[in-house]
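Reading through the structure tokens given below for one structure.
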Amino acid sequence: MNRRNIVQTIGFVLLRSAALINGTALAVIVWFMVSRGWRAISWSFLTQAPTDSMTRGGILPCIVGTVCLMGIAVAVALPVGVASAIYLNEYAAQGTFVRIIRLGINNLAGVPSVVFGLFGLAFFCIILKMGVSILAGGLTLGLMTLPVIIGTSEEALKSVPQTYREASLGLGATKWQTIYRVVLPSAFPGIITGGILGLSRAAGETAPIMYTGAVFFTPDLPGSLFDAVMALPYHIYVLATAGTNIAATRPLQYGTALVLILLVFGMNLGAIILRTRIRKKMRL
Amino acid sequence: MESSTKMHTKGLDFYYNDAQALYDISLEFPQNRVTALIGPSGCGKSTFLRCLNRMNDLIPKTRAKGEIMLENMDVFDPALDVVSLRRRVGMVFQKPNPFPKTIFENIAYGMRVNGVRDKALIAERVETSLRQAAIWEEVKDRLNESALGLSGGQQQRLCIARALAVEPEVLLMDEPASALDPIATQKIEELIISLSKALTIIIVTHNMQQAARVSDITAFFYMGKLIEVNNTDTLFTKPELKQTEDYITGRFG
Ligand SMILES: Nc1ncnc2c1ncn2[C@@H]1O[C@H](COP(=O)(O)OP(=O)(O)O)[C@@H](O)[C@H]1O
Ligand SMILES: [Mg+2]
């Protein structure tokens, strides 16, 4: 074997190991959670509130809370994010102003999640007087997801062939009709995928909601957007660091983590299925 | 047989950034005639064509000077709604570009964006347009299938039908057959000839046989300038300028 081939072989081995590490890490995490958590999961675990100082019972309030928080987050972040992406990609003249906005978005993406939490506490909870609530927590999560949604939506819009826009405008459509009837439908699969991916990451965040929407314990399901809720990631954090009996609740912690992971996987799977469905329908 | 002027340009200059692409083009397009624009690649044929329906507006930092008139409509009038211009001046592009929608919706699109709501009228005009574009027989049983499943030649005729459905007065075609095989090309050429009974057609082609076959008038462009324009027969048999003769006899370009 000559030198070039040896170098190439080494290169491939390195690349393959890198890919392998990735896959292994995921497999180990999943196995870890499943093997330790599945015993905790039962119908009552999913449908009851925690009891006995959270050492027994289920996690229904946490599931409901996380779903509510994400609902608010998506209701805010998706329209605002997609609208921003449309403006940046379709309307704005590409100049200094747009560059500054983009810089802002990129920096927003780099802001640590705990800072979003503090911002949410100061702005939504205190200044806007929302208190610790689903609304404040959801808005904070939505804000954090915004850069991801803008980024993926812009990518999706960029991937729509320019020839579609020209064909539409050439037929006497206005710019808005072109965007609404041709560009957005074509970009839709990409936008939805990005939205769900961003959201599923937000679902697992603790820092942004611990001051703004989630509380240690509340057995009641929320009655309005101004109620505080329990949430899956925060519940894990609480059980693992501040519970009354940390060792005894280990199975509950793993069980909760498993539910969270399944929720996130489920959302990602949903995104993939939705995208292939739409793609097939449009035969792209 | 004389024919009135449907559209004309006078002293048209065009710039991309500061690079001038068209120099002082004055050209008349008689009604219900096919005018072919020929010339070597990069001489400004597409740029000129896209001035006529202001498609170049989409490209940032471009600038046009001079006059373009569609009958009494000043194409460069700042108060002009460019949408109303593009309804009257349709366009078919070099590469077939159907929307990722059904065949029916592709054709109905132009009517829908122009506010036609009447379902019966839409259905009727979809059929008429597809018939005019000589593709009705091939697609009548699959109107609700995706247009992307058609062959390249069918897609291009579909795009022509789509343009016809808004009933334009002028049809701009930028090398409409250059991406197609000879049989599909022949169909498009026959179509152009039959459409010119009702429409004013301006077609860009770098294929001189095609220009000779389909057009009444031919304009020869070179390096952003209009070199010579004449009846197609005359231009191809007795060109006035040496430059034109060199090009059409294949000595350059
Ligand atoms: N979008 C553009 N930006 C800058 N220059 C362009 C653009 N499109 C075309 N040009 C230039 O304008 C000239 C004419 O191009 P074009 O009209 O496409 O020629 P043709 O259609 O005759 O091949 C060429 O020199 C080309 O490089
Ligand atoms: Mg061209």
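Chain naming here is simple, since letters A, B, ... match the order of the sequence lines and numbering starts at 1 in each.
- Contact detail for A:Gln162 and B:Leu58: the closest heavy-atom pair is NE2-CD1, 4.4 Å.
- Taking CD of B:Glu105 as the start and CZ of A:Arg181 as the end, the distance is 8.5 Å to the nearest 0.5 Å.
- Counting all heavy atoms, side chain and backbone alike, A:Ala173 lies closest to B:Val83 at O-CG2, 3.9 Å.
- Proximity to chain A (any heavy atom under 4.5 Å) is shown, for B:Arg54, by neither the backbone nor the side chain.
- Taken from CZ in B:Arg86 to OG1 in A:Thr174, the straight-line distance is 10.5 Å, to the nearest 0.5 Å.
- Proximity to chain A is absent for every atom of B:Val82, based on heavy atoms less than 4.5 angstrom apart.
- Both the backbone and the side chain of B:Arg112 have a heavy atom closer than 4.5 Å to some heavy atom of chain A.
- In this structure, the side chain of B:Asn97 does not engage the main chain of A:Tyr164 through any donor-acceptor pair within 3.5 Å.
- What you find for B:Asn114 and A:Gly172 is that their closest heavy atoms are OD1-O, 3.6 Å.
- Look at B:Lys95 and A:Glu166 and you find no salt bridge, because none of the NZ, NE, NH1 or NH2 atoms lies under 4.0 Å from a carboxylate O.
- When all heavy atoms of A:Ala167 and B:Phe93 are compared, the pair lying nearest together is CA-CE1, 3.9 Å.
- Within a 6.0 Å radius of OH in B:Tyr15, other residues, nucleotides and ligands contribute more than 12 heavy atoms.
- The shortest heavy-atom contact between B:Lys101 and A:Val182 is CE-CG2, 4.4 Å.
- Of all non-hydrogen atoms in B:Phe99 and A:Leu171, the two that sit nearest each other are CE1-CD1, 4.1 Å.
- Proximity to chain A is limited to the backbone of B:Pro98, based on heavy atoms less than 4.5 angstrom apart.
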